[in-house]
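Just follow the structure's listing: the first ligand is 1, and inside any ligand the first atom is 1. Owing to the predicted nature of the structure, the values given are computational and were not obtained by experimental measurement.
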Amino acid sequence: MEKREHWGNSLGFILAASGSAVGLGNIWKFPYITGENGGAAFIIIYLICILIIGLPVLIAEILLGRKAQKGPVSALRSLAQKNKTLWVVIGSVFFLTGFIILSYYNVIAGWSIGYVVEALQGNLGTFSNAAEASQFNATLISNPSWVILWQFAFIALGAFIVYFGVRKGIERIAKFLMPIFFIILILLVIWGLSLDGSEKGLSFLFKPDWSTVRFGTVLMALGHAFFTLSVGMGVILTYGSYLNKKDNIFFSGIMIALLDTFIALLAGLAIFTAVFAMGFDPAGGPGLVFNVLPAVFSQMPGGSIFASLFFLLLSIAALTSTISILEMLVSTLMDEFKMNRHTVVILLSISIFILGIPSALSFGELEGVRIFGLSLFDSMDYLSANILMPLGGLFIALFVGWNLKREEVMGELFSGFRDGSGNRKLANSWYFLLKYIAPILIILVFLSSIGIIQ
Ligand code: TRP
């Protein structure tokens, strides 16, 4: 069996895990749901949710991985005190969730690199309104060869990186791409702020309007806090399993959550200053990024350049998330079946490509195929993001809070600093949130997302 790899340093882990967390959720979903849910008021609630639910579960996942030094299924098996079979089933559900998410995430990720190419060819700078841009989008995404070509290209790219392993593949690419990502994002923010009329975007994002806050708003913030940090499917657990015993779990968790939140806010700034300055509708919903933004870019000098940069940003965000899911799948199979990394990467990427084809075609040929009224793509998304992920997060919280002994958990948390100088008070609050508060809140979000409570 191959010896388990480790990150070269904790910066590598923090960048790779932030790369996993920063994805379509930050650049597309966060700005748009913020806009629809009262702007600044929503942001405040969301920050609280990150703090009391997202971060505690994130830290728990890192801790589980680091303690077990294994992928999700093997980790749960080796650490479960009782009901081992049940926990192995739960671990396998993590695997399944990742498999499903990856199959459709790659489709959208494929669109983003496809859009970089379109932008470079100047095809995204010619729209006089959002309707024209959505028409263009509809033509592209219903074209089977375009979608499948880019979906394939994207999977191949992700597989290529994961093929080289943790340190030479994932860590190296994260250290290379995350700074580039950041520079592009800052450029786009400066550009957005420099446009005439950008202040309307600012007040939309940062002036709290509490009158729009409902119970549903809080649940939305809670659900997103969870999704955006990539917790609940063993991906962060897998990344945590490559951590060295001397690394500080608490500090890493806080850094990842901070970076993720900061990047979501910056993305909101870049997008809404531009959308408002150009007089477009901020509530573009799912179509905001692909339908509204190209029209926004068309209205301004140098639009094609900013369009290329923006879609490159989106592609990088999606790529670093994709490889984290693929790595979780790879590590699960390697640990469970003692298989070789290279074989596993190739087998998995081919099967993910095949499973993703129906989702890819669900905007064209297969548009009419519905499961409970949802398109193939939407049903994959609903099943994984609204059902499997919250359940996964609940199980992580229950496992660390109730299955492991308190001393074991604290021992792992403080293994990096044996002198006991770690902040015990902070650790105690974290433990309390994880054991009692997070499970209750996650159950609430779950019940609401499947429509049992409104
Ligand atoms: N956090 C990612 C985003 O914001 C989405 C996501 C959810 C994810 N779960 C994941 C990414 C697991 C990688 C791994 O877009």
Under 4.0 Å to a heavy atom of Met233 - the qualifying atoms of ligand 1, by number: 9 (N), 10 (C), 12 (C)
Backbone or side-chain N or O of Ile101 under 3.5 Å from ligand 1 N or O: no
Test log, rule ring pair (Phe, Tyr, Trp, His ring centres under 6.0 Å), inputs Phe290 and Phe311: CA-CA 9 Å; Phe290 291 101; Phe311 287 105; 5.7 Å; yes
Check: Asn137 side chain, Pro294 main-chain N or O, donor-acceptor pair, under 3.5 Å: no
Heavy atom of the protein closest to atom 7 (C) of ligand 1 (residue, atom name, distance): Phe227 O, 3.4 Å
Mutual orientation of the aromatic rings belonging to Tyr239 and Tyr242 [parallel < 30°, tilted 30-60°, perpendicular > 60°]: tilted
Nearest-neighbour protein heavy atom for atom 15 (O) of ligand 1, which is reported as residue plus atom name and distance: Gly25 N, 2.7 Å
Proximity of Lys29 to ligand 1 by residue part, where a heavy atom lies under 4.0 Å: neither
Sub-4.0 Å atoms of ligand 1 with respect to non-hydrogen atoms of Ser20: 1 (N), 2 (C), 11 (C), 13 (C), 14 (C)
Nearest-neighbour protein heavy atom for atom 8 (C) of ligand 1, which is reported as residue plus atom name and distance: Ser230 OG, 3.3 Å
Sole candidate of Leu63, Val400, Ile62, Leu64 that passes side-chain contact (heavy atoms from CB on, under 4.5 Å) when paired with Glu412: Leu63
Flag side-chain contact, heavy atom, 4.5 Å: Leu222 against Phe227: no
Test of proximity, Ala21 against ligand 1: N or O pairs below 3.5 Å: yes
Glu336/Lys70 under salt bridge (Lys or Arg N to Asp or Glu O under 4.0 Å): CA gap, chis, key distance, verdict: CA-CA 9 Å; Glu336 281 296 298; Lys70 294 186 175 81; over 6 Å; no
Candidate list Leu265, Leu229, Leu58, test side-chain contact (heavy atoms from CB on, under 4.5 Å), partner Asp260, passing option: Leu229
Identified side chain to side chain donor-acceptor pair (under 3.5 Å) partner of His6 from the options Arg167, Glu171, Gln69, Lys245: Gln69
Polar proximity ligand 1 side, Leu24 side, N/O cut 3.5 Å exclusive: yes
Atoms in ligand 1 flagged as close to Ser324, the criterion being non-hydrogen separation under 4.0 Å: 13 (C), 14 (C)
Test of proximity, Tyr105 against ligand 1: N or O pairs below 3.5 Å: yes
Enumerated ligand 1 atoms positioned under 4.0 Å from heavy atoms of Asn26: 4 (O)
Expected output: side-chain Arg66 to main-chain Asp247 donor-acceptor under 3.5 Å: yes
Selection from Thr228, Asp260, Ile325 by shortest heavy-atom distance to atom 14 (C) of ligand 1: Ile325
